[in-house]
Amino acid sequence: MKKVLGIIALSLVGLVLVFVLYINLSWDKTYDAPYPEITISTDSTIIAHGKHLVYGAAHCASCHVPSDKLADVEAGKDVLLSGGWQFHIPPGTLRALNLTPDPETGIGKLTDAEIARTMRYAVGSDGRPIFPLMPFQNMSDDDVAAIISFLRSQEPVAHKVERTEYSFLGKAILTFGLIKPEGPTGTPPVSVTKDSTVEYGKYLANSVANCAGCHTNRDLMTGAFIGPRFAGGMNMPPEEASQGYGFITPNLTPHETGVLAKWNEDAFLKRFKSGRLVATSPMPWASFSRMDDIELKAIYRYLKSLEPVENPIPKTVFAPGEAIPE
Ligand code: HEC
Ligand code: HEC
């Protein structure tokens with residue numbers, strides 16, 4: 001009997017070892033995706049528009065800066081995008097790269113098409129799948145071009161950022177293709193007219209500012225959307241960057257259980273211009289406070305036009321140690 005148990009135990013250990021070996025050999029997959037045709041420019045109006053998006057609605061500057069410069073970003077300074085911010089989540093430590101034109105450590109060695117492909121297909125220049133933190137797949141050709149035009153115009157900063165490191169869990173997720181590159185949902189627009197309309201608000205909230213990415217309930221392992229869009233309820237567990245605070249995102253649909261019920265358009269604009277009220281909130285309030293009236297009105301009008309969804313979220317901020325409801 002002892003012998004049989006011994007053999008079973010040994011085979012189990014063997015199976016686990018084979019599984020671990022399999023994951024360690026298979027996770028580092030590369031994917032192919034088309035290279036978008038994007039023409040960048042040195043025109044100062046286009047560069048200024050790119051900068052406005054990078055530091056505002058598209059909030060690249062909330063991630064692609066050194067962690068010790070985040071306070072300067074909060075203070076509204078134009079911090080150079082030399083990378084370094086890290087994001088510790090169970091699948092690993094994700095590191096935002098240097099986006100200044102330095103040839104060794106930055107985007108100097110990447111082509112415009114490679115950068116545009118990362119934004120549109122979530123594929124790194126080396127073909128690795130990128131975790132869904134940058135949902136710019138449906139951004140217009142003109143906005144992608146303006147952003148890259150601005151990135152190229154920055155002063156180069158030599159600052160090496162180590163590669164993203166995956167935990168065993170992260171490697172398993174990659175091995176089984178639970179995270180893989182995703183392209184646009186249709187043909188992205190060539191250009192979108194900037195105006196305080198529902199249409200422009202829809203574009204900003206879904207394809208540029210990622211409001212939907214946080215204000216929709218999602219599976220925390222794979223990022224899959226599991227609740228009605230914009231109805232809130234995504235659970236953001238405590239982590240290092242939030243100093244142990246946890247969050248559940250509020251409902252942004254125009255239902256009485258949503259936060260918009262208490263604000264008219266003016267109050268909404270004021271709320272965004274006053275920036276962050278919760279010190280550790282993951283929402284990039286500093287970047288969003290740089291959006292202009294046209295952008296903010298467009299977003300407000302779009303949110304107001306959504307189907308109201310009943311989803312009461314009684315509490316959105318949880319102090320360290322406080323239990324967060326499932
Ligand atoms: C929420 C944080 C976040 C935001 C916002 C963000 N990024 Fe990133 N970005 C990252 C992280 C993290 C990585 C590294 C991902 C990895 O290595 O898997 C990255 C990687 C990249 C890469 C490198 C691809 C490669 O070839 O290795 C480019 C280019 C990039 N981001 C551009 C942008 C631009 C442009 C914006 C704004 C329009 C932006 N990012 C906004 C977090 C962010
Ligand atoms: C990275 C995640 C993230 C993104 C992106 C994000 N939010 Fe939030 N949002 C949160 C969290 C978490 C809270 C609750 C904590 C707080 O109030 O800061 C919140 C709170 C809010 C509130 C309530 C603020 C208050 O004072 O009660 C509004 C309104 C809001 N978000 C709108 C938006 C809009 C519009 C966008 C896109 C332009 C957006 N959010 C993008 C995570 C996010």
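Heavy atoms only: backbone and side chains are in, while hydrogens, waters and symmetry mates are out. Counting starts at 1 for both ligands and their atoms, following the listed order.
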Proximity flag Arg128 to ligand 1, non-hydrogen atoms under 4.0 Å: yes
I'd like to check which ligand 2 atoms, numbered from 1 as shown, lie under 4.0 Å from a non-hydrogen atom of [X].
X: Phe272; result: 32 (C), 33 (C), 34 (C), 35 (C)
X: Asn210; result: 5 (C)
X: Pro282; result: 1 (C), 12 (C)
X: Arg271; result: 24 (C), 25 (C), 26 (O)

Going by atom types only, do Ser140 and Asp142 share a side-chain donor-acceptor pair under 3.5 Å?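 The criterion, which ignores hydrogens and geometry beyond distance, is not satisfied for Asp142 and Ser140.
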Do you see a donor-acceptor pair shorter than 3.5 Å between the side chains of Thr257 and His255? yes
Side chain, backbone, both or neither: which part of Phe136 has a heavy atom under 4.0 Å from ligand 1?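 Phe136 to ligand 1: side-chain contact only, backbone stays beyond 4.0 Å.
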Determine whether the side chain, the backbone, both or neither of Tyr166 has a heavy atom under 4.0 Å from any heavy atom of ligand 1. side chain
In the protein, how many N/O/S atoms are under 2.8 Å from atom 8 (Fe) of ligand 1?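 For atom 8 (Fe) of ligand 1, the figure is 2.
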Say whether [X], considering both its backbone and side-chain N or O atoms, lies within less than 3.5 Å of an N or O atom on ligand 1.
X: Thr164; value: yes
X: Trp85; value: no
X: His59; value: no

Would you say the side-chain atoms of [X] pair up with the backbone N or O of [Y], donor to acceptor, closer than 3.5 Å?
X: Arg152; Y: Pro101; answer: no
X: Arg301; Y: Ser196; answer: yes
X: Ser242; Y: Pro238; answer: no
X: Arg218; Y: Leu220; answer: no
X: His59; Y: Ala57; answer: yes
X: Arg117; Y: Gly124; answer: yes
X: Asn311; Y: Ala231; answer: yes

As an exercise, identify every atom of ligand 1 less than 4.0 angstrom from a heavy atom of Gly124. 25 (C), 26 (O)
To the nearest 0.1 Å, how far is [atom] from its closest protein heavy atom, and which atom is that?
atom: atom 13 (C) of ligand 1; result: Arg95 O, 3.6 Å
atom: atom 41 (C) of ligand 2; result: Phe288 CE1, 3.5 Å
atom: atom 29 (C) of ligand 2; result: Trp263 CZ3, 3.4 Å
atom: atom 26 (O) of ligand 1; result: Ser125 N, 2.7 Å

Are Ile46 and Ile38 connected in a single hydrophobic cluster, I mean Ile/Leu/Val/Met/Phe/Trp/Tyr linked by side-chain heavy atoms less than 4.5 Å apart? no
May I ask whether Val65 and Val161 are part of the same hydrophobic cluster, defined by side-chain heavy atoms of I, L, V, M, F, W, Y residues being less than 4.5 angstrom apart, directly or through others? no
Would you check if the distance from the ring center of Phe230 to the ring center of Tyr302 is below 6.0 Å?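 Close enough - the centres of the two rings lie under 6.0 Å apart.
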The complete set of side chain to side chain donor-acceptor pair (under 3.5 Å) pairs with one or both residues in residues 90-104, sequence neighbours excluded, reads His88-Thr93, Arg95-Glu165, Asn98-Thr100, Asn98-Thr105, Asp102-Thr105
Nearest non-hydrogen partners of Phe268 and Leu296, listed with the distance: CE2-O, 3.6 Å
Distance (rounded to the nearest 0.5 Å) between Tyr300 OH and Leu260 CG: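 Nearest 0.5 Å value for the OH-CG distance: 6.0 Å.
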Exercise answer: donor-acceptor pairs, residues 173-194 side-chain atoms, under 3.5 Å, sequence neighbours excluded:
| residue | atom | partner | partner atom | Å |
| --- | --- | --- | --- | --- |
| Thr175 | OG1 | Lys171 | O | 2.7 |
| Thr185 | OG1 | Asn138 | OD1 | 3.3 |
| Thr185 | OG1 | Asn138 | ND2 | 3.3 |
| Lys194 | NZ | Asp292 | OD2 | 2.6 |

Check whether NZ of the Lys or CZ of the Arg Arg271 lies under 6.0 Å from the centre of the six-membered ring of Trp285 and within 45 degrees of that ring's axis.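 Relative to the ring axis of Trp285, which defines the angle, Arg271 lies inside both limits.
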Residue and atom names of protein N/O/S atoms that fall under 2.8 Å from atom 8 (Fe) of ligand 2: His215 NE2, Met283 SD
